[in-house]
Amino acid sequence: MSTWVKENCVSFFQLFCIKVVKTGRIPQHLAFIMDGNRRYAKKNSVDSAAGHVKGFDKLSETLKWCLDLGIPEVTVYAFSIENFKRSKEEVDALMNLARDKFQRLLEEIDQINEWGVRIHVAGRLSLLPEDLRALVSKAMLATRHNYKLRLNIAYAYTGRDEISRAASHLVDGVKNNEISPEDIDVDLVSRTLELGEAELLVRTSGEVRLSDFMLWQVANTNTVIYFTDVLWPEFSIWNLLSAIIHFQRHAPAPKALPSISDTKREFLDKLESQRWQQMEKIVSCS
Ligand code: FPP
Ligand code: MG
């Protein structure tokens, strides 16, 4: 049984409903603020760590639904830089959960590859404990050729931090004469960020805030936002299908990405290959 993609969680009737919803437009990039794990824990008289474990189980179920729906890119907010301010006990529990799940992913790599899931961990990885940084780098390298579903896990992440990291890459690009200051425009900033624009953003648990998640990527004319009161561990396929139907009713026509100059393309390719080199270095030093 795969840890990351829950099998056998879709009934015939649910599959039928998925097929009906698929006759309409499906978001090409779906983002989740998975909120409400601790309230779920409190409601069920368990500790917050157990709430987060339930949260991960819900993620693996959601990934199966997204694969069935043919959604090619999913981004989840799994740990904000702000979350480091939570109690040591809770931060340690979340780090241990991540250690356990990424370890399992590497052990079950054949199954993950069969599902075609590519993992990308987006965030300031230097804030993570060294062993976890090595594990997530290994997971990214081991899944880099999968193409069915790209799962971006925002970890040690905030949107403003992502924008500041992109700004420093752009400054370096100018300093090294790879790009000129005139090259810096909205499109280049977008492409320098780790995460692409989301077409649908879902936040659970009744909170109606963005909490510093994908700020640049949702501040455009395309992204549809869906708030639901359900706590993340209780999120069901019906909640997901409701969100997609909401998207189908409200999404504007998709826009094509503008074309890009050779200079900018080379700068972005170099940045991408530096990211891979960094990951390989982290893994080889571990
Ligand atoms: C928000 O609920 C949830 C988090 C801060 C953590 C989310 C993490 C997971 C679902 C596990 C993901 C793990 C991996 C390895 C991808 P909350 O704690 O803010 O709950 P509350 O709003 O009820 O207080
Ligand atoms: Mg919360």
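Predicted model, so just to flag it, every value in this text is computed and none were measured. Each ligand, and each atom within it, is numbered from 1 in the order the structure gives.
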Pair [X], [Y]: side-chain N/O donor-acceptor within cut-off below 3.5 Å:
{"X": "His120", "Y": "Asn152", "answer": "no"}
{"X": "Glu272", "Y": "Trp276", "answer": "yes"}
{"X": "Ser180", "Y": "Glu182", "answer": "yes"}
{"X": "Ser211", "Y": "Arg203", "answer": "yes"}

Atoms of ligand 1 close to [X] [distance to a heavy atom under 4.0 angstrom, numbered from 1]:
{"X": "Gly36", "result": "2 (O), 20 (O), 21 (P), 22 (O), 23 (O)"}
{"X": "Asp35", "result": "1 (C), 2 (O), 17 (P), 19 (O), 20 (O), 21 (P), 22 (O)"}
{"X": "Asn83", "result": "5 (C)"}
{"X": "Gly55", "result": "10 (C)"}

Distance from [atom] to nearest protein heavy atom, with residue and atom:
{"atom": "atom 6 (C) of ligand 1", "value": "Ala78 O, 3.4 Å"}
{"atom": "atom 14 (C) of ligand 1", "value": "Phe56 CD1, 3.7 Å"}
{"atom": "atom 15 (C) of ligand 1", "value": "Ala98 CA, 3.8 Å"}
{"atom": "atom 19 (O) of ligand 1", "value": "Arg86 NH2, 2.9 Å"}
{"atom": "atom 1 (C) of ligand 1", "value": "Met34 O, 3.2 Å"}

Parallel, tilted or perpendicular, as decided by the 30° and 60° cut-offs, for the rings of Phe235 and Trp65: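 Geometry flag for Phe235 against Trp65: tilted rings.
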Parallel, tilted or perpendicular: ring planes of Phe79 versus Tyr155, cut at 30 and 60 degrees: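 Correct class here is parallel.
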Identity of the N, O or S atom of Asp35 lying closest to the Mg ion (ligand 2):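 Asp35's closest N, O or S atom to the Mg ion (ligand 2) is named OD1.
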Lys58 heavy atom under 4.0 Å from ligand 1: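 No heavy atom of Lys58 comes that close to ligand 1.
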Ligand 1 contacted by Ser205 (non-hydrogen, < 4.0 Å):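 Not so, Ser205 does not reach ligand 1.
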ILVMFWY network linking Phe32 to Tyr77, side-chain heavy atoms under 4.5 angstrom: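 No; tracing contacts between hydrophobic side chains, which count when under 4.5 Å, never links both residues.
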Check: Phe56 ring centroid to Trp232 ring centroid under 6.0 Å: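 No; Trp232 has its ring centre 6.0 Å or more from that of Phe56.
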Flag, side chain of Glu194 to backbone of Gly123, donor-acceptor distance under 3.5 Å: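 Yes, the answer is positive, given that a donor and an acceptor are paired below the 3.5 Å cut-off.
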Contact check: Asn37 vs ligand 1, nitrogen or oxygen atoms, below 3.5 angstrom: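 Among all N and O atoms of Asn37, at least one is under 3.5 Å from an N or O of ligand 1.
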Selected option - heavy-atom contact closest to atom 4 (C) of ligand 1, from His52, Arg38, Lys42, Arg39: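 Nearest heavy atom to atom 4 (C) of ligand 1 lies in His52.
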